[in-house]
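Scope of the values below: all heavy atoms of this structure, side chains included, with no hydrogens, waters or symmetry mates.
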Amino acid sequence: MKKLGLLFAALFCISGFTSTANAIGISIDVGDQPYYTHGYRYWARGAYWCWVPGHWVWGHHQRWWVHGHYRAC
């Protein structure tokens, strides 16, 4: 009976050293989608259009987010 108890104790201790399954990670990023349709720069309507990334603007004691957009450069 003692040998059986020792065997179960040894198996219990060894089971702590076995590897566990790896968890699957999920990541969600919130922000502007860069280059909505064309890329960093493109030519249209007689001008080059460049991507301006989103940024914070201060005014009247508050700030707000300006989304990324294309601007003639």
- Is the distance between the ring centroids of Tyr70 and Trp51 less than 6.0 Å? yes
- Item | Non-neighbouring partners of Trp43 that pass ring pair (Phe, Tyr, Trp, His ring centres under 6.0 Å), sequence neighbours left out | Tyr48
- Please confirm whether the backbone N or O of Gly59 pairs with a side-chain atom of His61, one donor and one acceptor, at under 3.5 Å? no
- Item | From Trp58 atom CH2 to Arg63 atom CZ, the distance as rounded to the nearest 0.5 Å | 5.0 Å
- Note on the structure: Sorted by chain and residue number, the ring pair (Phe, Tyr, Trp, His ring centres under 6.0 Å) partners of Trp64 (sequence neighbours excluded) come out as none
- Taking every non-hydrogen atom, the tightest pair across His69 and His67: ND1-O, 3.1 Å
- Message: Going by side-chain contact (heavy atoms from CB on, under 4.5 Å), name the residues that satisfy it together with Arg45, two or more places apart in sequence or in a different chain.
- Response: Trp49
